K.L.:
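So that we are looking at the same thing, I have put the structure below in structure tokens.
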There are 2 protein chains.
Amino acid sequence: MELAQLRVFETLADELHFARAADRLGLTQPAVSRQIAALEASLGGKLFDRAKRSQVTLTATGALFLPEARAILRQAERGEALAKRSARGEVGRLEIGYVASAAWGGVAASLVRRFLTRAPKVEVHLQELETPRQIEELAAGRLDLGIFRTRPAYPTALKVQPLQQDTLQIALPDTDPRAAQPELHAADLAGARFILPHFGEEAGFLARLQALGEAGGFAPEIQPPVRDFLTVLTSVAAGLGAGLVPESAGALHLQGVVLRRVADVALNSGLVLGARRADSSPLVRRFLQMAQERPKSGHG
Amino acid sequence: MELAQLRVFETLADELHFARAADRLGLTQPAVSRQIAALEASLGGKLFDRAKRSQVTLTATGALFLPEARAILRQAERGEALAKRSARGEVGRLEIGYVASAAWGGVAASLVRRFLTRAPKVEVHLQELETPRQIEELAAGRLDLGIFRTRPAYPTALKVQPLQQDTLQIALPDTDPRAAQPELHAADLAGARFILPHFGEEAGFLARLQALGEAGGFAPEIQPPVRDFLTVLTSVAAGLGAGLVPESAGALHLQGVVLRRVADVALNSGLVLGARRADSSPLVRRFLQMAQERPKSGHG
DNA sequence: CGGTTTAATACAAAAATGGTATTAAAATCG
DNA sequence: CGATTTTAATACCATTTTTGTATTAAACCG
């Protein structure tokens, strides 16, 4: 017994006419005759009475089998559709990690929102984790995707793709004399007090600042960390010190604050989207592909 | 998507090893590889991860599809089994008519009982109807089988097969002088009074008796009809007259009664099993075949 | 690093499936 | 009632699909 035979059987049971059934199936009449004969042989009994040529009818066995055949076909169609949706990455479950800084800019939220628009049946679970933890969890298989900050290197088991190319910039009060310069050099920042955000165990900003100090030949003085970027910028505007913030923070346009690039030190700190290199999940593939289509999400 | 592919998929999902799955399926390993590849192509995504050669695993899609595939296969198996049982005549419904006289001897009951032993799932409905009515109902399709008395002819749409070859015989009190003869002739019965059974509208016995009278050149005198054969025979033993009873009534061995054949008049009155000639129902075929296997049922 | 295991691929043989043409049987029409 | 038409089955051939054997490529293991 094969599904193809059941499809022929169902159609013939509908039409009760070999030639018309063949037509509906895109076959010829003899093909239908043989498929039915084969099915009947495999079941060990006739399904149709064709003693009267002009009025094919279901036998008792055929009538009994018809709802069974329909059930099998419908079940098969449902299963096939489900598998296809799954293969297209439209159903399933995704564990996605994100760094807090990806949430501020709305990058994580807008990515997930875009994905769910296309694949509403996917169950997405979000977890806020710092970059190193995400890399661990990804490798362990407890995360499927991670939205985290660029690193100098990643485990070979992971692949990452750029999400947002953020440069860290220096935020200065517009009253600061250095604010007059179009761009700064590390050495210009000697003696400045720095206001840094601190989220969980994320130590990236601190590390960058220390690198900056080394390049400029000074030991940066650090204010107690604040909770978010708005506070960093407000503190800077209040003249409490300088800030180290992602370029995208400029979108806030806070009065009394200017952002300046550091010309001689690379302070790239983009967001990347990471996944297991060997991950064959269509959901992950689809998410990665979608993220690549429009590397910068709508939000500034 | 085809059932054969699902069978391969299920087995491979069990074994997670192409060669072993092939073995279980009675195929070779490349055949399994290709069947899976074909199924994956038709679904538009991978079902197995075989990056690591030594550990084939289900993908998320594969894991999702496995219960679906199992459901389809089980449904197909149930449907197939049901159709096969139906084709073998083991399920369904039979409308069977019988003449009252077939019930006395237990012919109808024993036939049905034998049939139900072999096909317990068949729903049998019995209806007591006289011969002409059964023939009507059979032709109309309201009966599937009929157990009735032989007729000189039947509609061509029907086929009948012998069930029990009953000759009608004459029952006489052993005190009757004719009881001394080993067999009678029609003429011997002139002047006898006859005791006949009368059931519903069955007029067969009366008609036979009249034929007998014609052959013997006398008008038979008829006693009021009685309800059953035992009463006929008891009346005969009491000397109330002669009886006309099926040969098989002799099995009752009633004291004081003898049964005698009528040599010169054919009084065959067998029971036959009738069905529509065109009936393709496996139940009917099976019943007819069973009845033929042992033409006389266990009962005398 | 070499041998072994395992899945995929290449190729030829076999099976099945489908199509065209024809036949047989029933239905329809004159 | 006979001729024509309709309809399903069959014969036959071409095509496609499936299988098996042999081989290859990759991963695993010592």
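Predicted, not measured: the structure shown is a model, and the values here were computed from it.
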K.L.:
Taking 4.0 Å as the cut-off, does a side-chain nitrogen or oxygen of A:Thr28 come that near to OP1 or OP2 on C:dG18?
P.N.:
no
K.L.:
In whole angstroms, how far is the P atom of C:dT6 from the CZ atom of B:Phe48?
P.N.:
16 Å
K.L.:
Just list the side-chain donor-acceptor pairs under 3.5 Å for residues 120-127 of chain A, sequence neighbours left out, or say none.
P.N.:
residue, atom, partner, partner atom, Å
A:Glu123, OE2, A:His125, NE2, 2.9
A:Gln127, NE2, A:Glu95, OE1, 3.2

K.L.:
In whole angstrom, give the distance that lies between atom CG of A:Leu27 and atom P of C:dA16.
P.N.:
18 Å
K.L.:
Looking only at the side chain of A:Ser33 (C-beta and beyond, no hydrogens), which of the listed nucleotides C:dG19, D:dG20, D:dT10 gets closest?
P.N.:
D:dT10
K.L.:
What's the CG-P distance between A:Leu25 and C:dT17, to the nearest Å?
P.N.:
15 Å
K.L.:
Which nucleotide in the set C:dA8, D:dA8, C:dT6 lies at the smallest distance from any side-chain heavy atom of B:Phe18?
P.N.:
C:dA8
K.L.:
Could you check how far CZ of A:Arg20 sits from P of D:dT6, rounded to whole Å?
P.N.:
13 Å
K.L.:
Nearest to the side chain of B:Pro30 - C:dA8, D:dT19, C:dG18?
P.N.:
C:dA8
K.L.:
Just N and O in the side chain of B:Arg50: are any of them under 4.0 Å from OP1 or OP2 of C:dA8?
P.N.:
yes
K.L.:
Could you check how far CG of A:Leu16 sits from C1' of D:dT6, rounded to whole Å?
P.N.:
17 Å
K.L.:
Would you say D:dT19 has OP1 or OP2 under 4.0 Å from some side-chain N or O of B:Gln35?
P.N.:
yes
K.L.:
Are a donor atom and an acceptor atom from the side chains of A:Glu90 and A:Ser86 found within less than 3.5 Å of each other?
P.N.:
no
K.L.:
What closest approach, in Å, do A:Leu16 and A:Leu58 show between heavy atoms, and which atom pair accounts for it?
P.N.:
CD2-N, 4.3 Å
K.L.:
Rounded to whole Å, how long is the line connecting atom CG of B:Asp49 with atom P of C:dA8?
P.N.:
11 Å
K.L.:
Could you check which of D:dA8, C:dC11, C:dA7 has an atom nearest any side-chain atom of B:Arg34?
P.N.:
C:dC11
K.L.:
Calculate the interatomic distance between A:Gln55 atom CD and C:dT28 atom P; express it in whole Å.
P.N.:
10 Å
K.L.:
Output yes when B:Asp279 and B:Arg285 qualify as a salt bridge under the 4.0 Å nitrogen-oxygen rule, no when they do not.
P.N.:
no
K.L.:
Rounding to a whole Å, what distance do you find between B:Glu2:CD and D:dT16:P?
P.N.:
18 Å
K.L.:
Looking only at side-chain atoms of A:Gln29, point me to the closest of C:dG19, C:dT6, D:dA9.
P.N.:
D:dA9
K.L.:
Indicate yes or no: does A:Glu10 engage A:Arg7 in a salt bridge with an N to O separation below 4.0 Å.
P.N.:
no
